[in-house]
Amino acid sequence: MSAPDKPCIFCDLINGAGEVSMCYEDSSAIAFMDIQPVNLGHVLVVPREHFESMSDIPPELAMHLFDVALRLSPVVRRLHGADDMNLVVNSGPAAGQNVFHYHVHLIPRKAGDGFDIPLPFPGSEMPDRTLLDAMAVRMIAELRDPVRQQIARRLTVMSA
Ligand code: AMP
Ligand code: ZN
């Protein structure tokens, strides 16, 4: 069982120590309305147990949270007349995470709402195909080597 080493607002909400507008719950996950929504209907899907980011959440639990988000998506879309949806995880400070209790954003979108995750990133260049191929080959090699994967996972946890 993970416990936060600093105060955690989402653990407080899960433990009943703050106002929350819960829209879904099961034995390992809850979902509630984001307090500062991009658009009305913006939901956060959150594990009951405290995990900080993608590097420490168990994969089965992360998959369950995505499953819950996918189930909630058509409901949010219908209730809020959304044109489209974003499913977003910010994992780590450099990736824009502000609350360090892992969560999945389910964001209903309307044309012209002004929110943006600009991809392709305007500041990026298109690398040479040989570089993309080399990256792909490196990934395939890593995925085929369970020992290297275990070491990489351990290094990620240690550096988190
Ligand atoms: P992130 O930047 O991915 O960590 O997103 C954190 C999200 O949590 C933001 O969208 C906040 O609006 C939301 N948030 C922060 N505090 C609360 C709260 N007490 N209740 C509901 N949502 C919250
Ligand atoms: Zn927490």
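We count ligands from 1, going down the list as the structure has it; atoms in each ligand are counted the same way.
- For F100, the heavy-atom gap to ligand 1 stays at 4.0 angstrom or more.
- Under a 3.5 Å cut-off, the side chain of S21 and the backbone N or O of M33 do not form any donor-acceptor pair.
- Counted within 6.0 Å of CE on M135, heavy atoms from surrounding residues, nucleotides or ligands total more than 12; the atom is thus considered enclosed.
- Atom ND1 is the N, O or S atom of H50 at the shortest distance from the Zn ion (ligand 2).
- Using modelled atom types, one finds no donor on one side chain facing an acceptor on the other under 3.5 Å when comparing N90 with H103.
- In terms of protein heavy-atom proximity, atom 9 (C) of ligand 1 is closest to D34 OD2, 3.4 Å.
- For ligand 1 and G96, the ligand atoms under 4.0 Å from any heavy atom of the residue are 2 (O).
- A heavy-atom distance below 4.5 Å is found between the side chains of Y24 and R71.
- At the top of the distance list for atom 20 (N) of ligand 1, counting protein heavy atoms only, stands I35 CB, 3.6 Å.
- With S28 as the fixed residue, the side-chain contact (heavy atoms from CB on, under 4.5 Å) test singles out one of L65, V68, L61: L61.
- Considering both main-chain and side-chain atoms, H42 never comes within under 3.5 Å of ligand 1 through any nitrogen or oxygen pair.
- Considering backbone and side-chain atoms alike, F10 places every N or O at 3.5 Å or more from each N or O of ligand 1.
- Nearest N/O/S atom of H101 with respect to the Zn ion (ligand 2) is recorded as ND1.
- Judged by the shortest distance from any of its heavy atoms, E19 lies outside the 4.0 Å radius around the atoms of ligand 1.
- Per-residue contacts place M33 under 4.0 angstrom from the following atoms of ligand 1 (heavy atoms of the residue considered): 21 (C).
- Side chains of M85 and R109 form no contact here, defined as non-hydrogen atoms less than 4.5 Å apart.
- In terms of protein heavy atoms, atom 1 (P) of ligand 1 is closest to H103 NE2, 3.2 Å.
- V46 is listed as a side-chain neighbour of F32, based on a closest heavy-atom distance under 4.5 Å.
- Those atoms of ligand 1 with a heavy atom of N90 less than 4.0 angstrom away are 1 (P), 2 (O), 3 (O).
- Close contacts of ligand 1 with L44, meaning ligand atoms under 4.0 Å from a residue heavy atom, involve 8 (O), 13 (C), 22 (N).
- Panel note: side chain N15, backbone C11; a donor-acceptor pair is recorded below 3.5 Å.
- Within the listing of ligand 1, atoms 1 (P), 3 (O), 5 (O), 7 (C), 10 (O) sit less than 4.0 angstrom from a heavy atom of H105.
- In terms of polar-atom proximity, L13 is not counted as a contact of ligand 1, lacking any N or O under 3.5 Å from an N or O of the ligand.
- Under the 4.5 Å side-chain criterion, counting only non-hydrogen atoms from C-beta, F115 is not in contact with N39.
- For the pair D83 (side chain) and A111 (backbone), a donor-acceptor distance under 3.5 Å is present.
- The nearest heavy-atom contact from the protein to atom 2 (O) of ligand 1 is N98 ND2, 2.8 Å.
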